[in-house]
Amino acid sequence: MAAPALRSAAARARAAAVSGGRWLGTSSAAETEREMGRGRGMEKEEERGRWELSVAREYYDYRKSIYGDVTHRALLVDAVGTLVVPAQPTAQVYKSIGEKYGVKYSEDEILMRYRRAYEQPWGGSRLRYVDDGRAFWKHIVTSSTGCSDAQYFEELYQYFMTEKAWKLCDPDAENVFKALRKAGIKTAVVSNFDTRLRPLLQTLKCDHWFDAVAVSAEVAAEKPNPTIFLKACEFLGVKPEEAVHVGDDRRNDLWGARDAGCDAWLWGSDVHSFKEVFLFFFVHLALLDKAACVSCYAGCNLQVVLFRN
């Protein structure tokens, strides 16, 4: 597709140069340059796609050398930091809502205190998130802001249940999950979260992307405890070695999933988008024929690269 566009643009450029001006119905020099730029951009995109596919094939060979013909039948996904992220920095939200309740700390101070409180052992129970997580989050909010006002906490707590508090990490996520599920891949969210996660996924209109949800407050185990990953596999009806988990935390997601016997890819390092996740699954299983991919992934550059190799 790129080569004809480049040839056409070059022909018009030569014609304009010979005539010393612009032919009626042809591009100006600036327009020609833009078209040539688009052509070069397409070529670079296809080159990058071919490289990604090569990496995916290399990984498939590596996995096959370890597990033989065992293939991935399920995708497990971390929630916060992989599937969704806060729409605004948490410290900014704490401060903006907290000002009317007398919170004086700067955003930097709130962030520092938040991290310190979150990383320290939580003495309320062996789990951070029990039921709706209120006890834990009251501790975090008070420690972060110095404000123990019950109304302030409730306003923050309710805010983080709303659609405006979150955004998807990857705008292509819906297309990928639809394509994978159409190909027979089972999907689940695996998250250290309280019982607000299920209604939150519904609010964000992505709950139907998944066959199961394994949330720590419900299974009484938090990542990196292998139990939560094993529960997710149980919910999906797959063996751990048939599942791959994608998450952004090396300790909780990568090590935890592998301790459970699952494969694991680190978000932001092994994979940077759900398109790349899709590529790995395509190479592993050769699941999607061209027609299925085009129908599920119409408009994505990925389909062009996949079926030219």
Side-chain angles (χ1 to χ4, degrees), residues 77-171 173 189-204 206 213 215-218 220-225 228 247-256 266-269 272:
V77 181
D78 168 51
V80 180
T82 305
L83 181 65
V84 298
V85 289
Q88 295 177 295
T90 300
Q92 180 180 325
V93 175
Y94 278 28
K95 178 174 174 56
S96 62
I97 294 178
E99 285 178 340
K100 61 185 176 184
Y101 296 98
V103 172
K104 302 298 184 183
Y105 292 133
S106 68
E107 288 182 27
D108 288 342
E109 288 174 312
I110 292 173
L111 179 60
M112 178 187 68
R113 293 168 66 94
Y114 177 95
R115 287 174 173 170
R116 185 190 307 148
Y118 196 89
E119 291 169 0
Q120 288 178 348
W122 161 238
S125 71
R126 66 186 179 86
L127 300 174
R128 284 188 173 93
Y129 310 108
V130 177
D131 297 328
D132 61 10
R134 284 178 179 272
F136 173 69
W137 286 115
K138 282 181 181 178
H139 164 70
I140 293 296
V141 170
T142 301
S143 300
S144 301
T145 65
C147 180
S148 57
D149 187 293
Q151 190 172 346
Y152 170 49
F153 168 75
E154 193 62 30
E155 187 171 345
L156 275 177
Y157 187 85
Q158 294 299 327
Y159 168 80
F160 282 105
M161 294 179 65
T162 64
E163 184 177 7
K164 66 180 180 180
W166 303 92
K167 63 181 180 181
L168 292 172
C169 285
D170 185 347
V189 174
V190 180
S191 177
N192 290 349
F193 213 104
D194 53 62
T195 52
R196 290 176 296 172
L197 181 59
R198 291 179 186 275
L200 178 60
L201 294 176
Q202 293 173 358
T203 297
L204 297 175
C206 60
V213 175
V215 56
S216 61
E218 296 176 354
E222 293 178 357
K223 298 181 294 184
N225 189 329
I228 191 170
D248 68 309
D249 189 290
R250 188 175 300 277
R251 176 177 176 270
N252 286 346
D253 294 306
L254 205 65
W255 297 353
L266 188 63
W267 183 264
S269 178
H272 298 81

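Remember, predicted model here, so these are calculated numbers, not experimental data.
- At least one side-chain heavy atom of K223 sits under 4.5 Å from a side-chain heavy atom of V190.
- K95 NZ to T90 OG1: the interatomic distance, rounded to the nearest 0.5 Å, is 15.0 Å.
- Counting only heavy atoms from C-beta outward, the side chains of V80 and W166 approach each other to under 4.5 Å.
- Of all the heavy atoms in T203 and M161, the pair that sits closest is OG1-O, 4.0 Å.
- Side chains of E154 and R134 form a contact here, defined as non-hydrogen atoms less than 4.5 Å apart.
- Using a 4.5 Å cut-off on side-chain heavy atoms (C-beta onward), K164 and Y159 make contact.
- Pairs of residues two or more places apart, or lying in two chains, never qualify as salt bridge (charged side-chain N to carboxylate O under 4.0 Å, His left out) while including a residue from residues 105-123.
- Between Y118 and Y129, the ring planes lie tilted relative to each other; the angle falls in the 30° to 60° range.
- Across all their heavy atoms, S191 and A79 have their closest contact at OG-CB, 3.5 Å.
- Atom SG of C147 is separated from atom OH of Y94 by 12.0 Å, given to the nearest 0.5 angstrom.
- Residues A217 and D131 approach most closely at CB-O, 3.6 Å, considering heavy atoms.
- In this structure, the side chains of L201 and V84 stay at 4.5 Å or more apart for every pair of heavy atoms.
- Two residues are said to be in side-chain contact when any heavy atoms from C-beta on lie closer than 4.5 Å; K167 and V85 meet this criterion.
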Could you walk me through whether V103 and I110 pass the side-chain contact (heavy atoms from CB on, under 4.5 Å) check?
CA-CA 10 Å; V103 172; I110 292 173; 4.2 Å; yes

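- Between T195 and P199, the shortest heavy-atom contact is O-CD, 3.5 Å.
- Residue pairs meeting the side chain to side chain donor-acceptor pair (under 3.5 Å) criterion with at least one partner in residues 141-152, sequence neighbours excluded, do not occur; the list is empty.
- In plain terms, the two heavy atoms of Y157 and D132 that are nearest each other are OH-O, 2.6 Å.
- When each of D78, T82, L254 is paired with W267, the side-chain contact (heavy atoms from CB on, under 4.5 Å) condition holds for T82 and for no other.
- Between D248 and D253 there is a side-chain heavy-atom pair separated by less than 4.5 Å.
- Judged as a ring-ring contact (aromatic ring centres under 6.0 Å, His included), and not counting sequence neighbours, the contacts of W122 are F136, H139.
- Residues I228 and V215 approach most closely at CD1-C, 4.3 Å, considering heavy atoms.
- Once rounded to the nearest 0.5 Å, the distance linking CD of E155 with OH of Y101 reads 4.0 Å.
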